[in-house]
Undergrad: 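To start, I am sharing the structure in question, which I have written as structure tokens.
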Amino acid sequence: MNNLRFDGRVAIVTGAGAGLGRAYALLFAERGASVVVNDLGGSRSGDGSSSKAADSVVSEIRSKGGKAVPNYDSVVDGDKLVQTALENFGRIDIVVNNAGILRDKSFARISESDWNLVHDVHLKGAFKVTQAAWPHFRKQNYGRVIVTSSNSGLYGNFGQANYSAAKLGLVGLCNTMAIEGRKNNINCNVIVPTAASRLTEDILPPDFFAELKPELIAPVVVWLCHENCDENGSIIESAAGWATKCHLVRGSGAILRHKITDMVSPENVRDVWNQLTDMSQATRLNSIEEASSTLLGVLDEIKSGPEESLNEASGVFSYNYRDSIIFAIGVGANVKEESDLQYLYESHENFSTIPTYAILPSLMATMSSSLITEAIPGREFDLSQVLHGEQYLELHKPLPTEAKLTTKICISDVLDKGKNAVIVIDGKTYDESGDLIATSQICTFVLSAGGFGGKRVSSVMVPLLDEPQRSPDSTVKEKTSVNQAAVYRLSGDLNPLHIDPSFALAAGYQQPILHGLATLGMSVRHVLKQFADNDSKLFKSLKVRFSKPVIPGQTLCTSMWREGNRIHFKTTVSETNDIVLSGAYMELHEIKLPAKPHVVLCSGKVEELPSDAVFHGMKERIESNPSLLKSINGVFVYHITKSGKVTSTWTADLKTGKIYRGEPEKGIKADTTLTIDDSDMIDLALGKLNPQMAFMKGKLKIKGNIMLAQKLKALNTESKL
Ligand SMILES: CCCCCCC[C@@H](O)CC(=O)SCCNC(=O)CCNC(=O)[C@H](O)C(C)(C)COP(=O)(O)OP(=O)(O)OC[C@H]1O[C@@H](n2cnc3c(N)ncnc32)[C@H](O)[C@@H]1OP(=O)(O)O
């Protein structure tokens with residue numbers, strides 16, 4: 001490994017008599033540089049002066065065979081430092097602005113002289129020394145500059161207003177020096193050290209202090225000053241044998257006016273404050289040009305935006321793969337379900353977003369606008385009165401796994417339901433190429449906002465539909481987690497109703513309730529799983545009413561009925577039997593049934609499967625002709641995986657009421673016998689009862705082996721799904 005050398009280079013290190021500066025000077029000298037060891041030799045508050053500090057470091061360097069000279073000038077006389085370098089070594093290549101003092105006082109007590117002195121040493125000193133070296137850097141087309149900032153400057157620190165201001169001032173100084181120096185190969189960077197030094201010895205706890213050796217930071221500064229390092233204009237933080245880059249970021253912001261002819265009012269700002277201060281999509285801008293050009297983009301957006309009337313608003317909704325995954329977790333997707341992995345793993349071949357995520361852009365635009373609160377003249381209400389009442393969603397294109405979407409929303413109806421009110425918001429969501437991605441309709445139910453003399457029924461609301469009057473074709477139960485709302489809210493809907501017990505109480509609930517969209521997301525997963533083989537691309541549209549609240553931790557039971565490509569569904573809470581989603585239905589582009597247990601009925605002896613065994617599809621046959629059951633002696637249940645492998649086989653004898661568990665790979669052993677009653681046996685035949693459940697219900701007995709492997713194989717190839 002080539003050692004990084006500085007032979008022939010000359011470095012000035014200010015404040016090099018102790019601490020960090022000393023460590024920098026020693027390391028530069030060790031790597032071959034000639035060093036000007038500057039130190040005024042004053043106290044840490046900048047009083048007094050002495051040549052001792054600089055002299056002792058110079059002798060340390062010389063005793064190790066290095067080249068160094070002392071300099072005792074104040075950094076505000078920067079030209080004298082540079083002069084020392086030129087006189088002794090004939091050139092200057094590197095300036096490390098490290099000198100600093102403290103005059104800590106609470107802001108109210110900072111005197112003008114404390115302020116000036118701190119600024120003189122840190123900010124003006126860096127300016128003066130670097131400016132004196134600058135013409136030489138330009139002439140030789142080479143220079144490296146370090147300025148020293150501090151976390152006090154980046155984040156503030158009690159009692160250090162003067163120091164913080166100077167330290168952040170150095171970042172600004174470096175930003176521009178980096179731009180101006182670039183064409184002459186002059187790189188300028190900021191170091192943000194946390195080191196044990198006389199500036200920090202009584203500020204930091206002793207144990208921590210002991211690990212903050214300046215020698216652990218010096219290599220970072222030395223590398224930044226090497227000719228092979230092309231870092232420029234960066235802020236590098238380092239401490240305790242660790243380093244990183246820091247930068248400022250900017251959120252995606254919010255537009256404060258609808259039309260170019262509008263002015264901006266304080267209320268406009270208040271109404272979008274959440275969106276304006278949201279940093280979840282923050283990005284780094286690389287230059288002032290980039291900052292200005294995004295502003296031009298904003299102006300274009302305002303100019304080209306449609307003339308929005310008072311009941312219209314819009315919002316931008318950006319998300320990435322992580323947001324998509326967080327939403328999936330919020331609606332219960334879990335890695336134990338193999339097919340859910342496509343919602344949870346960004347490298348999955350079918351990585352996709354759960355379709356109801358497409359409601360969020362409209363919902364967030366609604367929540368961050370004042371549309372709802374201003375919808376009913378003369379009625380004032382707040383978020384604690386607003387419930388998600390109904391929802392419609394239609395996807396026009398599959399939802400991407402990351403996108404920047406623009407949504408336009410408008411109030412399309414306001415209904416007076418007596419005591420309460422319903423506000424209908426229509427939304428259209430577009431992608432960056434302007435294609436319509438989703439149409440949504442949110443109906444918000446506003447408690448105690450009715451009685452204003454408005455109409456009761458809407459002609460624009462997408463209708464709910466009653467479920468068919470028969471037992472459901474499929475039912476899925478899933479317990480929500482007590483943290484369901486706590487996780488779901490991370491997708492953007494931060495309504496305190498779902499997390500804050502006192503807010504929930506004020507809204508009339510004993511405890512926080514689950515987001516309507518979290519309940520919906522779970523039921524949508526159930527429908528997709530049962531009727532679309534969990535393929536989100538098959539989702540077309542849905543409509544639902546949130547008819548009762550769900551408490552996180554309760555169990556949801558989704559009942560589903562298939563009518564062509566439409567799946568009606570209804571969700572109840574198992575613990576209370578409350579219907580929480582009603583009138584609901586989902587339209588699919590096509591039905592795709594997942595691989596599931598095949599029910600084979602046979603009329604011969606169970607142990608010797610007859611050639612006239614009736615295959616899958618028997619459920620429908622039995623339903624249309626119940627007398628068929630009478631002529632059936634046995635039920636044979638097995639499961640074929642997608643790859644065609646036969647697993648978990650079960651044989652049941654309807655006459656004796658016994659069910660045998662078998663292992664087809666080895667032949668059915670029927671080593672386990674289970675007694676079940678007639679009604680369970682029929683449910684099993686109808687596919688209503690899972691064999692596993694049947695097994696759990698009965699008594700276990702041992703029975704002899706039955707070898708049916710060959711017959712099973714034949715069955716497998718004959719069976720038509
Ligand atoms: C700016 C912000 C945007 C906000 C977006 C949402 C942000 C989210 O964070 C908020 C949420 O997720 S809240 C959680 C999900 N929602 C719920 O839990 C609500 C559950 N529903 C209920 O409690 C009752 O239906 C209830 C209380 C809503 C109504 O029950 P009742 O008062 O008993 O109603 P009822 O007497 O049966 O009917 C009165 C009339 O209202 C209609 N109606 C009933 N439920 C409705 C509902 N959910 N949505 C729309 N309309 C509804 C009835 O049809 C009836 O009308 P009419 O007399 O004309 O037939």
Side-chain angles (χ1 to χ4, degrees), residues 271-272 274-275 313 315 330-331 356 359-376 381-392 407 409 411 413-427 440-451 454-464 466 480 484-486 488-500 503-504 507-523 543-552 554 556 571-573 576 578-584:
D271 294 342
V272 294
N274 284 347
Q275 189 189 345
V331 299
T356 48
I359 299 168
L360 272 240
S362 291
L363 190 91
M364 298 313 292
T366 307
M367 291 182 85
S368 55
S369 85
S370 56
L371 280 189
I372 293 268
T373 44
E374 290 170 0
I376 310 171
F381 51 86
D382 59 39
L383 201 58
S384 70
Q385 290 164 262
V386 181
L387 291 169
H388 206 157
E390 291 184 14
Q391 182 64 51
Y392 171 76
T407 295
I409 51 167
I411 297 212
D413 229 339
V414 179
L415 306 177
D416 188 344
K417 295 285 186 185
K419 191 164 174 275
N420 308 311
V422 169
I423 301 169
V424 183
I425 303 120
D426 276 309
S440 87
Q441 187 179 76
I442 302 170
C443 300
T444 56
F445 194 92
V446 190
L447 298 163
S448 308
K455 61 178 173 174
R456 192 167 190 112
V457 182
S458 170
S459 56
V460 297
M461 260 170 85
V462 179
L464 298 159
D466 289 337
T480 63
Q484 204 74 50
Y488 178 82
R489 65 197 296 277
L490 302 179
S491 287
D493 181 351
L494 299 179
N495 187 346
L497 179 64
H498 309 295
I499 190 86
D500 183 339
F503 189 94
Y509 297 101
Q510 289 299 310
Q511 52 194 301
I513 63 171
L514 189 55
H515 302 72
L517 290 184
T519 308
L520 177 64
M522 293 180 93
S523 289
K543 169 73 189 186
V544 65
R545 168 174 281 194
F546 304 100
S547 39
K548 274 223 163 172
V550 175
I551 306 298
Q554 289 182 323
L556 301 178
T571 305
T572 50
V573 163
T576 58
D578 284 340
I579 300 172
V580 291
L581 301 184
S582 60

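Remember, it's 1-based here, ligands and their atoms both numbered in the order they're listed.
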Undergrad: Identify, for atom 18 (O) of ligand 1, the protein heavy atom at the shortest distance, and state residue, atom and that distance.
TA: Pro549 CA, 3.3 Å
Undergrad: If you define the side chain from C-beta out and look only at heavy atoms, does anything of Pro549 sit under 4.5 Å from Leu387?
TA: no
Undergrad: Can you list the ligand 1 atoms lying under 4.0 Å from a non-hydrogen atom of Asp493?
TA: 7 (C), 8 (C), 9 (O)
Undergrad: Under a 4.5 Å cut-off applied to non-hydrogen side-chain atoms, are Pro512 and Ile499 in contact?
TA: no
Undergrad: Atom NZ of residue position Lys548 - does it have more than 12 heavy atoms of other residues, nucleotides or ligands inside 6.0 Å?
TA: no
Undergrad: Is the closest side-chain heavy-atom distance between Thr366 and Leu371 below 4.5 Å?
TA: no
Undergrad: Would you say atom 51 (N) of ligand 1 makes contact with the protein, given that contact here means a non-hydrogen protein atom less than 4.0 Å away?
TA: yes
Undergrad: Counting only heavy atoms closer than 4.0 Å, does ligand 1 sit against the backbone of Phe445, its side chain, both, or neither?
TA: side chain
Undergrad: Which bit of His388 gets closer than 4.0 Å to ligand 1, counting heavy atoms only: side chain, backbone, both or neither?
TA: both
Undergrad: For the atom pair OG (Ser582) and CD (Glu390), what is the distance rounded to the nearest 0.5 Å?
TA: 8.0 Å
Undergrad: Taking the side chain as C-beta and beyond, is there a heavy-atom pair between Leu415 and Lys455 under 4.5 Å?
TA: yes
Undergrad: Answer yes or no: is there a side-chain heavy-atom contact under 4.5 Å between His388 and Leu363?
TA: yes
Undergrad: Can you find a protein heavy atom under 4.0 Å from atom 25 (O) of ligand 1?
TA: yes
Undergrad: Mark whether atom 45 (N) of ligand 1 lies under 4.0 angstrom from at least one protein heavy atom.
TA: yes
Undergrad: Any idea which of Leu464, Val424, Leu363, Ile442 brings a heavy atom closest to atom 5 (C) of ligand 1?
TA: Leu363
Undergrad: So between His498, His515, Arg456, whose heavy atom ends up nearest atom 10 (C) of ligand 1?
TA: His498
Undergrad: Quick check: are there more than 12 heavy atoms from other residues, nucleotides or ligands sitting under 6.0 Å from CG of Asp466?
TA: no
Undergrad: So, for atom 54 (O) of ligand 1, does the protein have a heavy atom nearer than 4.0 Å?
TA: yes
Undergrad: Check whether any side-chain heavy atom of Thr356 sits under 4.5 Å from a side-chain heavy atom of Leu517, and report yes or no.
TA: no
Undergrad: How about Gln391 and Cys443: do any of their side-chain heavy atoms sit closer than 4.5 Å?
TA: no
Undergrad: Working to the nearest 0.5 angstrom, can you tell me the gap between His515 NE2 and Asp493 CG?
TA: 4.0 Å
Undergrad: Can you list the ligand 1 atoms lying under 4.0 Å from a non-hydrogen atom of Gly389?
TA: 47 (C), 48 (N), 49 (N)
Undergrad: Compare Lys548, Met367, Arg489, Lys417 and give the one whose heavy atom is closest to atom 59 (O) of ligand 1.
TA: Lys417
Undergrad: Starting from atom 21 (N) of ligand 1, find the nearest protein heavy-atom neighbour and note its residue, name and distance.
TA: Phe546 O, 2.9 Å
Undergrad: Considering non-hydrogen atoms of the protein only, which is the closest contact for atom 42 (C) of ligand 1, and what is the distance?
TA: Arg545 NH2, 3.7 Å
Undergrad: For atom 32 (O) of ligand 1, which of the options Ile372, Leu383, Ile513, Asn420 provides the nearest non-hydrogen atom?
TA: Asn420
Undergrad: Quick one: does atom 39 (C) of ligand 1 have a protein heavy atom under 4.0 Å from it?
TA: no
Undergrad: Between Leu581, Leu517, Leu387, Leu514, which one has a non-hydrogen atom sitting closest to atom 14 (C) of ligand 1?
TA: Leu514
Undergrad: In terms of residue, atom name and distance, what is the protein heavy atom nearest to atom 12 (O) of ligand 1?
TA: Gly516 N, 2.9 Å
Undergrad: For atom 22 (C) of ligand 1, which of the options Ala507, Ser547, Gly492, Ser582 provides the nearest non-hydrogen atom?
TA: Ser547
Undergrad: Does Val386 reach the side chain of Ile423, with side-chain heavy atoms less than 4.5 Å apart?
TA: no
Undergrad: Relative to the heavy atoms of Val386, which atoms of ligand 1 are at a distance of less than 4.0 Å?
TA: 4 (C)
